[in-house]
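Let me begin by presenting the structure, written as structure tokens, before commenting on it.
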Amino acid sequence: MKKSHICKILNINNPIEGIYDVIVSFPASAMPGQFIHILCGGDTLLRRPISICDSGDGWLRFVYQVRGKGTKLLSQYKEGDSLDILGPLGVGFNFSKKGDGVPVVVGGGIGIFPLLKLSKALSGKTQSILGFRTKDLIVMKDEFDACSDVCHIATDDGSYGTKGFVTDILEEVVKNNNVTSIYSCGPVPMMKGVKQIAEKYNIYCQLSMEQRMGCGIGACAVCTCRSHGENVKVCQQGPVFDAQDLDL
Amino acid sequence: MNTKVNIAGVTLNNPIVTASGTFGNGWETGQYFNLSELGAICVKAITLKPKEGNPSPRIAEVTAGILNSVGLQNPGVEHFLTYDVPNLKRYDTKIIANISGSSIEENEEIATVLGDSVDLIELNISCPNVKEGGVAFGTDCGMVAEITKKVKAKCKVPLIVKLSPNVTNISEIAKSAENAGADALSLINTLYGMKIDVKSRRPVLARNAGGFSGPAIKPVAVRMVWEVAKAVKVPLIGMGGVMNGEDVAEFMIAGATAVATGTANLVTPDASLTIKNEFLKFMSDNNIDDVNELIGSIRENQL
């Protein structure tokens, strides 16, 4: 039987204000793109779904931004404390369809975190394209550099890397390389742009969706997104979907 | 120790039931614990044809509770019969089919199609999240009587009518359902609530308002079970914010024969098993040999 895990916090980093990078002990193995569902304690009731950034034998890493009450409470835990974690949950990235060419990962803001484990799992010729609002919000560039052939950075204000959108860089990368797969996570407008480029150039594309969740296992049907005109469950049928199946 | 209870002639191995819509149809939760541990499983609302439900976000957390507006998303009764019923029958538990048609006729038809494939039928006249049907049936005594009578006539298994708390006098509604032939009553469905994001000034739920559940509503639910238990003779399934074994005891003392877990199932998939085990421990700690001695055993203060 599956069960929730009581996981000890092994390490916490706070690379920039409001972003926490946590490593916990974890007994199960996870696929890139899956998520965990964490009890935050205090007067929160529901768990909070957080994407898996990386994992290995006996450990799991997740990175999150303090957004509301649950993540605020989560940020108050210290190394050595334990967390009640359900997971790994959901359907992760499918890289069996990546083809023989260059895979590209495209992340926007906190959407970059689930892409790290994926980038490590893809071949060394991966190109990553990461977008941030401004230079001060750039995180994990070194790690993406290490597992990518090229790591492109875009900032909205041009304070670092290319000024503008990740989708502008994506189109250039697609034009200049034999790109056979694109994987993306970030704000919906950004992923909409990614999907359009993938369709324009006929490239296999997967997107990781976000939604307010309840149970996280597919029982309560609250976290839906649209697929071919129907509501599908983000937690169970996703969070990663083939872009062609999503109505964005 | 006897844990068996009887709902309209149907024996439940124990009084723990899962509330409709909080437990799926057992596929997912069945991966976390043996569903035979439950007295009964009340499945997600069933309509005649597939229903796509409401736009997202469909959930918001509030203090000690949640708001939801799923809107009865389900693949329809035929899918339920061919796909879910055989799976649920593998377990030593009772199946309650929650039917949520948008008209009296649709509910009659669903009940007819279900026949005796399930152990009990729960008629949902209290969903706050749909335009047609749902709570529109459940707030008027005449309407409650009419729909109960007509659907009961089509039922081959005992009929439970699920009551809304969003009424002026729930005892009157309960009596109308009982007089029209309801074999049991379940209460309460969700209260109608709302949460607004003060920065964007927008409701968090896409549908603006939705069903409020969780521990915050438990006192309202307990009071309503207590009132209805005094007004009717049929057995009651009590629910509303049950989070632990003592909550189960509280509902039974107020007058419930069985007790449903709801929001707790969204927190941890095996919450109902934990709650059941806590309740059994409560029984043994308090030398309760027969669970039935709890039902309606409240020692009311004399005024």
Side-chain angles (χ1 to χ4, degrees), chain A residues 1-6 28 37-49 67-73 83-90 188 209-239 246-248, chain B residues 18-19 21-34 43-45 50-75 129 197 204-206 210-211 213-216 241 243 262-271 273-274:
Chain A
M1 289 285 172
K2 294 183 189 174
K3 59 185 174 66
S4 62
H5 310 291
I6 303 301
H37 216 16
I38 308 177
L39 272 187
C40 297
D43 63 346
T44 58
L45 186 62
L46 298 169
R47 291 170 187 268
R48 297 298 189 268
R67 282 265 193 88
K69 192 159 74 172
T71 43
K72 174 86 186 156
L73 278 160
L83 291 171
D84 183 325
I85 298 178
L86 196 62
L89 301 173
V188 169
M209 300 296 287
E210 186 181 44
Q211 188 49 269
R212 285 175 185 268
M213 277 185 194
C215 68
I217 62 168
C220 74
V222 303
C223 61
T224 56
C225 65
R226 303 288 287 174
S227 171
H228 301 296
E230 292 182 0
N231 289 321
V232 294
K233 299 171 194 171
V234 172
C235 72
Q236 187 182 41
Q237 287 151 288
L246 289 172
D247 313 335
L248 295 180
Chain B
T18 57
T22 65
F23 200 73
N25 286 354
W27 292 100
E28 297 84 11
T29 37
Q31 296 172 30
Y32 288 82
F33 70 102
N34 182 352
V43 301
K44 179 148 180 50
K51 199 170 174 93
E52 72 164 14
N54 292 327
S56 282
R58 295 172 167 186
I59 192 165
E61 186 178 273
V62 295
T63 305
I66 62 169
L67 303 170
N68 89 80
S69 69
V70 173
L72 307 178
Q73 180 177 339
N74 82 97
N129 293 325
D197 180 314
V204 176
L205 295 178
S213 65
M243 300 299 283
T263 304
N265 296 315
L266 273 63
V267 180
T268 296
D270 62 358
L273 175 61
T274 306

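Per chain, numbering begins at 1; letters A, B, ... match sequence-line order. Just the heavy atoms: all of them, side chains too, but no hydrogens, waters or symmetry mates, feed the values below. Not measured: the values here are computed from a predicted model.
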N/O donor-acceptor pair under 3.5 Å between B/Glu61 side chain and A/Leu45 backbone: yes
Where does B/Asn25 contact chain A at under 4.5 Å (heavy atoms): side chain, backbone, both or neither? neither
Within the supplied structure, the quantity of interest is the number of heavy atoms (other residues, nucleotides, ligands) at a distance under 6.0 Å from A/Glu230 CD; does it exceed 12? no
Can you tell which part of B/Gln73 gets under 4.5 Å to a heavy atom of chain A, answering side chain, backbone, both or neither? side chain
Chain B contact via A/Leu86 - which portion, at a heavy-atom distance below 4.5 Å: side chain
Taking every heavy-atom pair that is under 4.5 Å apart, which of A/Ala221, A/Ser4, A/Gly216 has the most such pairs with chain B? A/Ala221
Minimum heavy-atom separation for B/Ala19 and B/Gly262, please, with both atom names. CB-CA, 4.0 Å
Ranked by heavy-atom pairs below 4.5 Å to chain B, first place among A/Gln211, A/Lys3, A/Gln236, A/Met213 goes to A/Gln211
Chain A heavy atoms under 4.5 Å from B/Asn74: which part of the residue, side chain, backbone, both or neither? neither
Interchain contact, B/Thr263 with chain A, by part (heavy-atom threshold 4.5 Å): side chain
Checking B/Asp197 side chain against B/Val204 main chain: does a donor-acceptor pair fall under 3.5 Å? no
Scored by heavy-atom pairs under 4.5 Å with chain A, the best of B/Asp270, B/Thr268, B/Asn68 is B/Thr268
Would you kindly say whether B/Ser56 and A/Arg226 are connected by a side-chain donor-acceptor distance under 3.5 Å? no
Is there side-chain contact between B/Ile66 and A/Val222, with at least one heavy-atom pair below 4.5 Å? no
Portion of A/Arg212 that has a non-hydrogen atom of chain B nearer than 4.5 angstrom: both
Taking all atoms of both residues into account, what is the closest heavy-atom pair of A/His37 and A/Leu89, and its distance? CB-CD1, 3.7 Å
Taking the side chain as every heavy atom from C-beta outward, state whether A/Met1 and B/Leu273 have any pair of such atoms under 4.5 Å apart. no
B/Pro215 versus chain A, heavy atoms under 4.5 Å apart: side chain, backbone, both or neither? side chain
If we define contacts as heavy-atom pairs under 4.5 Å, which of B/Tyr32, B/Phe33, B/Trp27 has the most with chain A? B/Tyr32
